[in-house]
Engineer: 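This structure is in structure tokens; I'll ask about it shortly.
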Amino acid sequence: MMAPLTEQDRVVIIGAGHAGGRAAERLRAHGFAGGITLVGKEDVAPYERPPLSKSVLLQSGSEADTYLQDLAWYAENRVTLRLGQLVTRIDRDARKVFLLDGETLPYSRLVIATGGRLRDLPVPGADLDNVLSLKTMADAVALRARLDIAQRLVVIGGGFIGLEVAASARALGCEVTVVEATERLMGRAVPQEIGARVAAVHEARGTTVRLGCGVQALIGETAVNTVVLTDGQRLAADLVVVGIGIAPETGLAEQAGLETAHGILVDDQCRTSDPAIFAIGDVACHRARAARPVESWQNAEQQATRVAAALMGGPAPETEPPWFWSDQGDLNLQIAGTPANWDGAMSRGRMAEGSLLLIQTDGRQVTGAIGVNAKKDMLLMRKLLKAGCPVDADSLTDPEQPLKKTVMAALRA
């Protein structure tokens, strides 16, 4: 274990995204008076990514609304922003990071928050004009400009980002087809029942959903005009958005000799195999509890708080059970907990009545829940998950028994 930080120390944070930006904030909130330098590849200050596929595309909010803090905050709190900069190497022995422009930044502690890189679509034509992706603010601005003139959009990938883009594009009047290679939407995160319900909602809006069918090629002279599917069908398109997931950006860590496996391996305090280096956000993977990094807004928030406490030598903060949400037009999907599987999950409500709640238990306690347009119910489920208390499973799904009454009784017991 290393000594807590002092005002003579310097913290360098690689990655000026959500997790990195929050880490700088939390360090100052914990009383750290030393130097903080935040290095980011993008030219903009740290911002939240969830609005990119929704309010930014729909222009229902400004880009500035997504920023964690305005620029004045960084100056007032002595956080040095090095934006539009690329870190090329970490020298662990000298405790320095090297920037592409040749500058070196010394550190007492280093926080890696490099996030993930988009997975490429490995088919001919993927480099044509009008084939876009969505990860950064620049991506969102470029996509928004194309959506203003596009008529036929094909979204490749039926995960959360793809479906959020599809919903926004439909709201803007585009004809939309979602192509998913597996047999259900959001297949890595939700069971068949939820995937089918969500697909039905998108189809009711006029979106075409093609499941179990991949992409063979994209065709066009300079810009894409046709998407060829693996079953031979050809879809006319003047815009394609690829959303087939991300891979953790571990290159710097691997080059520096840190332990990695599906991400940079960290402990409960977000410490890597080097005691002076920490990792948070989409690039970090807990060495004991997770097979892969947890890609969520909540995880970025919690790990930023955790790493700041660890750096200052304070106790580990209380954390919430894993929680994720996706807004797809007027459909709100929430997932909480980490059940081993969703087999035998109990349901409450019906989509025909506007909302559905899927609950998984281990016989005594709730281990996970999925809500579709069930925000209040999911808030109750998150309270149960955090408390870890026994609950009457039959009452949870009894339509005659108010859910709040059941949950509050369990919490008081």
Side-chain angles (χ1 to χ4, degrees), residues 49-59 116-189 195 198-199 201-203 205-247 295 326-329 331:
R49 297 188 189 276
L52 298 183
S53 56
K54 298 172 279 289
S55 62
V56 174
L57 289 187
L58 295 171
Q59 301 187 57
R117 64 183 181 278
L118 293 170
R119 296 186 185 277
D120 295 326
L121 181 67
V123 303
D127 58 349
L128 287 168
D129 191 27
N130 284 11
V131 179
L132 305 181
S133 56
L134 179 58
K135 183 176 183 292
T136 67
M137 182 67 73
D139 293 337
V141 171
L143 178 55
R144 184 175 66 194
R146 300 296 179 96
L147 285 172
D148 286 341
I149 57 175
Q151 295 182 327
R152 294 177 297 275
L153 167 67
V154 174
V155 176
I156 300 174
F160 299 112
I161 289 295
L163 294 175
E164 290 173 5
V165 169
S168 294
R170 279 299 297 148
L172 294 171
C174 292
E175 295 179 19
V176 181
T177 299
V178 175
V179 178
E180 168 55 44
T182 67
E183 295 297 330
R184 69 174 184 261
L185 297 180
M186 305 169 293
R188 290 186 299 172
V198 171
V201 170
H202 282 271
E203 289 173 330
R205 296 178 182 148
T207 295
T208 299
V209 179
R210 292 294 312 273
L211 299 176
C213 192
V215 174
Q216 182 174 304
L218 306 180
I219 297 176
E221 292 188 7
T222 58
V224 66
N225 58 47
T226 305
V227 178
V228 182
L229 303 184
T230 50
D231 65 0
Q233 184 180 1
R234 300 164 78 91
L235 305 176
D238 50 21
L239 180 61
V240 170
V241 173
V242 179
I244 55 175
I246 67 172
E295 301 161 9
S326 173
D327 287 317
Q328 301 167 24
L331 183 150

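Positions are given from 1 along the sequence. Basis for what follows: all heavy atoms, side chains included, without hydrogens, waters or symmetry-related copies.
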Engineer: With side chain to side chain donor-acceptor pair (under 3.5 Å) as the rule and sequence neighbours excluded, what pairs involving residues 137-148 come up?
Structural biologist: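 Residue pairs with at least one partner in residues 137-148: E63-R144, D129-R146, N130-R146, T136-D139.
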Engineer: Does any part of the side chain of L121, heavy atoms only, come nearer than 4.5 Å to the side chain of V131, both counted from C-beta?
Structural biologist: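 No, too far: nothing below the 4.5 Å cut-off.
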Engineer: Mind checking side chain to side chain donor-acceptor pair (under 3.5 Å) for R205 and listing every partner two or more places apart, or none if nothing turns up?
Structural biologist: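 Per chain and number, R205 pairs via side chain to side chain donor-acceptor pair (under 3.5 Å) with D330.
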Engineer: Do V228 and V215 make a side-chain contact, defined as non-hydrogen atoms from C-beta onward lying under 4.5 Å apart?
Structural biologist: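 They are not in side-chain contact.
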Engineer: Sort and list the pairs that fulfil ring-ring contact (aromatic ring centres under 6.0 Å, His included) and have at least one residue in residues 129-186, not counting sequence neighbours.
Structural biologist: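 Listed once each, the pairs are F160-F324.
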Engineer: Can you name the nearest heavy-atom pair linking L229 to C213, along with the distance?
Structural biologist: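 Reported closest heavy-atom pair: CB-SG, 3.6 Å.
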Engineer: Could I get the full list of side chain to side chain donor-acceptor pair (under 3.5 Å) partners for K135, not counting sequence neighbours?
Structural biologist: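 Residues passing side chain to side chain donor-acceptor pair (under 3.5 Å) with K135: none at all.
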Engineer: Looking at V154 and A237, what are the two nearest heavy atoms and their distance?
Structural biologist: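 Of all heavy-atom pairs spanning V154 and A237, the closest is CG2-CB, 3.7 Å.
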Engineer: Looking only at non-hydrogen atoms, find the nearest pair between E164 and D327 and report the distance.
Structural biologist: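 Smallest interatomic distance, heavy atoms only, reads CG-O, 3.3 Å.
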Engineer: Which residues pass the side chain to side chain contact (heavy atoms under 4.5 Å, CB included) test with I246, not counting sequence neighbours?
Structural biologist: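 Checked I246 against side chain to side chain contact (heavy atoms under 4.5 Å, CB included); matches are L118, D282, E295.
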Engineer: Report yes if the side chains of Q216 and V123 come closer than 4.5 Å at any heavy-atom pair, otherwise no.
Structural biologist: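 Answer no - side chains too far apart.
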Engineer: Give every residue pair that meets the side chain to side chain donor-acceptor pair (under 3.5 Å) criterion with at least one member in residues 178-187, sequence neighbours excluded.
Structural biologist: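 Every pair satisfying side chain to side chain donor-acceptor pair (under 3.5 Å) with a residue in residues 178-187: E180-T182.
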Engineer: Specify the closest pair of heavy atoms between G158 and L163, including all atoms of both residues, with the distance to one decimal.
Structural biologist: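 Heavy atoms of G158 and L163 come nearest at O-CD1, 3.8 Å.
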Engineer: Please enumerate all residues that pass side chain to side chain contact (heavy atoms under 4.5 Å, CB included) together with A247, with sequence neighbours excluded.
Structural biologist: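 For A247, the residues satisfying side chain to side chain contact (heavy atoms under 4.5 Å, CB included) (neighbours in sequence not counted) are R117, R119.
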Engineer: Which heavy atom of G329 sits nearest to which heavy atom of A167, and what is that distance?
Structural biologist: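 Of all heavy-atom pairs spanning G329 and A167, the closest is N-CB, 3.4 Å.
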Engineer: To the nearest 0.5 Å, tell me how far I244 CD1 sits from S133 OG.
Structural biologist: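 Here the rounded value is 10.0 Å.
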Engineer: What residue pairs, at least two apart or across chains, pass ring-ring contact (aromatic ring centres under 6.0 Å, His included) with a residue in residues 120-157?
Structural biologist: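 Qualifying pairs: none.
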Engineer: Distance from L218 atom CG to L235 atom CG, nearest 0.5 Å?
Structural biologist: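 Answer rounded to 0.5 Å: 10.5 Å.
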Engineer: Looking only at heavy atoms, what is the nearest atom pair of L57 and L52, with distance?
Structural biologist: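 Heavy atoms of L57 and L52 come nearest at CG-O, 3.2 Å.
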Engineer: Determine yes or no for a side-chain-to-main-chain donor-acceptor pair under 3.5 angstrom, with S168 supplying the side chain and S53 the backbone.
Structural biologist: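 Yes, the answer is positive, given that a donor and an acceptor are paired below the 3.5 Å cut-off.
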Engineer: Do the non-hydrogen side-chain atoms of L143 and V165 ever get within less than 4.5 Å of each other?
Structural biologist: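 Result yes, sub-4.5 Å side-chain heavy-atom pair found.
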Engineer: I'd like to check the side chain to side chain contact (heavy atoms under 4.5 Å, CB included) partners of A150; sequence neighbours left out, ordered by chain and number.
Structural biologist: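 Residues passing side chain to side chain contact (heavy atoms under 4.5 Å, CB included) with A150: C174, D238, L239.
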Engineer: Only pairs at least two apart or in different chains count here, so list each ring-ring contact (aromatic ring centres under 6.0 Å, His included) that has a residue in residues 222-243.
Structural biologist: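 Listed once each, the pairs would be none.
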Engineer: Is there a side-chain contact between Q328 and V201 (heavy atoms, below 4.5 Å)?
Structural biologist: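 The answer is no, as the side chains (C-beta and beyond) never meet within the 4.5 Å cut-off.
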Engineer: Do V242 and V240 have side chains that approach each other closer than 4.5 Å (heavy atoms only, starting at C-beta)?
Structural biologist: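 Yes, at least one pair of side-chain atoms sits under 4.5 Å.
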Engineer: Please list, chain by chain and in numerical order, all residues satisfying side chain to side chain contact (heavy atoms under 4.5 Å, CB included) with T207, sequence neighbours excluded.
Structural biologist: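 T207 satisfies side chain to side chain contact (heavy atoms under 4.5 Å, CB included) with R170, V176, V178, H202, V209 once adjacent residues are dropped.
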Engineer: Tell me every residue that passes side chain to side chain donor-acceptor pair (under 3.5 Å) with D127, counting only those two or more places apart in sequence or in another chain.
Structural biologist: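 Applying side chain to side chain donor-acceptor pair (under 3.5 Å) to D127 gives none.
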Engineer: With rounding to the nearest 0.5 angstrom, report the CG to OG1 distance, L128 to T222.
Structural biologist: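 The OG1 atom of T222 is 7.5 Å from CG of L128, to the nearest 0.5 Å.
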